[in-house]
Amino acid sequence: MPTILLVEDNLNLAEIIVRDLSANAFEVTHAAGGRDALVQLARRPYDAMILDWMLPDLDGLEVLRHMQAEKSTVPVLMLTARADEADRVIGLEVGADDYLTKPFSMRELVACLHALLRRVEKARQMFAPEAETARAVVQWGAVTIDTPN
């Protein structure tokens with residue numbers, strides 16, 4: 001069951017999203033603000049994050065910047081009312097992997113999450129053979145030590 005961190009300050013909307021995603025076989029943790037989101041990210045791994053831009057304490061772009069600084073690999077779907085092209089471009093350039101604007105349909109949100117998770121899984125599969133065949137080679141003078149990782 002994929003784990004999702006939902007970062008949304010509108011509690012009514014968050015309840016609806018949690019209910020519908022849970023019904024679609026997602027395990028959802030809700031964070032009402034950016035600071036809480038960063039705490040949740042530090043506590044456990046998530047398969048993906050749904051992130052609002054306009055949050056009361058630390059906005060979504062700042063959350064993305066913190067994630068970049070921490071080298072987080074959690075894929076992020078921005079879900080926001082900021083619908084201008086410039087906003088979408090900024091969100092994606094700062095680190096979001098996908099961008100969906102409010103109002104939205106739950107079917108589209110679920111489809112976007114599945115697509116995001118598929119892309120992540122494909123990337124993992126592409127790089128898995130390299131990780132399996134990677135070797136550590138240490139050379140000191142005429143002595144070479146070649147060990148698999």
Side-chain angles (χ1 to χ4, degrees), residues 1-137 147-149:
M1 176 177 297
T3 57
I4 307 297
L5 177 58
L6 169 64
V7 187
E8 172 61 58
D9 61 320
N10 180 323
L11 297 181
N12 291 329
L13 178 58
E15 287 177 10
I16 293 167
I17 294 172
V18 168
R19 183 193 67 221
D20 285 10
L21 290 182
S22 296
N24 280 280
F26 290 99
E27 178 187 331
V28 185
T29 301
H30 173 242
R35 293 190 198 291
D36 186 24
L38 295 175
V39 168
Q40 295 297 328
L41 283 170
R43 284 187 180 157
R44 65 176 282 203
Y46 289 92
D47 294 312
M49 178 193 303
I50 300 171
L51 178 64
D52 189 7
W53 182 325
M54 296 178 287
L55 298 167
D57 58 352
L58 192 66
D59 73 33
L61 294 183
E62 284 302 312
V63 171
L64 286 171
R65 288 183 183 106
H66 281 277
M67 291 174 69
Q68 295 291 326
E70 295 294 319
K71 307 278 192 253
S72 174
T73 59
V74 176
V76 177
L77 168 63
M78 289 211 71
L79 180 63
T80 178
R82 302 199 54 156
D84 291 341
E85 177 187 13
D87 292 331
R88 291 191 308 269
V89 169
I90 289 168
L92 293 167
E93 286 181 345
V94 171
D97 298 283
D98 206 346
Y99 198 101
L100 186 61
T101 58
K102 298 173 186 176
F104 63 97
S105 78
M106 282 306 300
R107 289 179 62 199
E108 184 177 16
L109 177 62
V110 169
C112 284
L113 275 176
H114 283 298
L116 184 63
L117 294 170
R118 276 193 312 271
R119 287 193 304 267
V120 169
E121 183 57 30
K122 284 181 185 177
R124 284 187 183 132
Q125 289 175 3
M126 279 182 15
F127 292 107
E130 287 181 22
E132 291 173 7
T133 60
R135 302 180 80 81
V137 178
T147 61
N149 283 341

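The residues of the chain are indexed from 1 along the displayed sequence. Bear in mind the structure is a predicted one, so any value in this text is a computation, not a measurement.
Rounded to the nearest 0.5 angstrom, Ile90 CD1 and Met78 CE are separated by 10.5 Å. Atoms SG and CG, from Cys112 and Leu100 in turn, are 5.0 Å apart once rounded to the nearest 0.5 Å. Rounding to the nearest 0.5 Å gives a distance of 10.5 Å between CE of Met1 and CG of Asn24.
The list of side-chain hydrogen bond (donor to acceptor under 3.5 Å, both in side chains) pairs with a residue in residues 67-81, not counting sequence neighbours, is empty. For residues 43-80, no residue pair satisfies the ring pair (Phe, Tyr, Trp, His ring centres under 6.0 Å) rule, not counting sequence neighbours. The side-chain hydrogen bond (donor to acceptor under 3.5 Å, both in side chains) contacts involving residues 110-122 comprise Glu121-Gln125, where partners must be two or more places apart or lie in separate chains. Identified under the salt bridge (charged side-chain N to carboxylate O under 4.0 Å, His left out) test for residues 106-115, with sequence neighbours left out: none.
Pairing each heavy atom of Ala32 with each of Leu55, the nearest pair is O-CD2, 4.3 Å. Residues Ala25 and Pro2 share a closest heavy-atom pair of O-CD, 3.4 Å.
For the pair Ile4/Ile50, a side-chain contact is recorded, criterion being any heavy-atom separation below 4.5 Å from C-beta on. The side-chain heavy atoms of Leu51 and Val63, taken from C-beta on, include a pair separated by under 4.5 Å. Side-chain atoms of Leu117 and Phe26, non-hydrogen and from C-beta on, do get closer than 4.5 Å to each other. Looking at heavy atoms from C-beta onward, Val74 lies in side-chain contact with Leu41 at the 4.5 angstrom threshold.
Judged by distance alone, the side chain of Asp59 and the main-chain N or O of Leu61 form a donor-acceptor pair under 3.5 Å. In this structure, the side chain of Asp57 does not engage the main chain of Gly33 through any donor-acceptor pair within 3.5 Å.
Legend: residues meeting side chain to side chain donor-acceptor pair (under 3.5 Å) with Thr3, ordered by chain and number and at least two apart, are Asp47. Under the rule for a side chain to side chain contact (heavy atoms under 4.5 Å, CB included), the partners of Pro75 that lie at least two apart in sequence or sit in another chain are Ala48, Asp97, Leu116, Val120. Considering only residues two or more places apart in sequence or on other chains, Arg65 meets the salt bridge (Lys or Arg N to Asp or Glu O under 4.0 Å) condition with Glu62. Under the salt bridge (Lys or Arg N to Asp or Glu O under 4.0 Å) criterion, Arg88 pairs with no residue, sequence neighbours left out. With sequence neighbours left out, the side chain to side chain contact (heavy atoms under 4.5 Å, CB included) criterion links Leu13 to Glu8, Asn10, Ile17, Lys102, Phe104. Take Glu15 and apply the side chain to side chain contact (heavy atoms under 4.5 Å, CB included) test, not counting sequence neighbours, and it matches no residue. Residues satisfying the ring pair (Phe, Tyr, Trp, His ring centres under 6.0 Å) test with Tyr99, not counting sequence neighbours, are none. With sequence neighbours excluded, the residues satisfying salt bridge (Lys or Arg N to Asp or Glu O under 4.0 Å) with Glu27 are Arg44.
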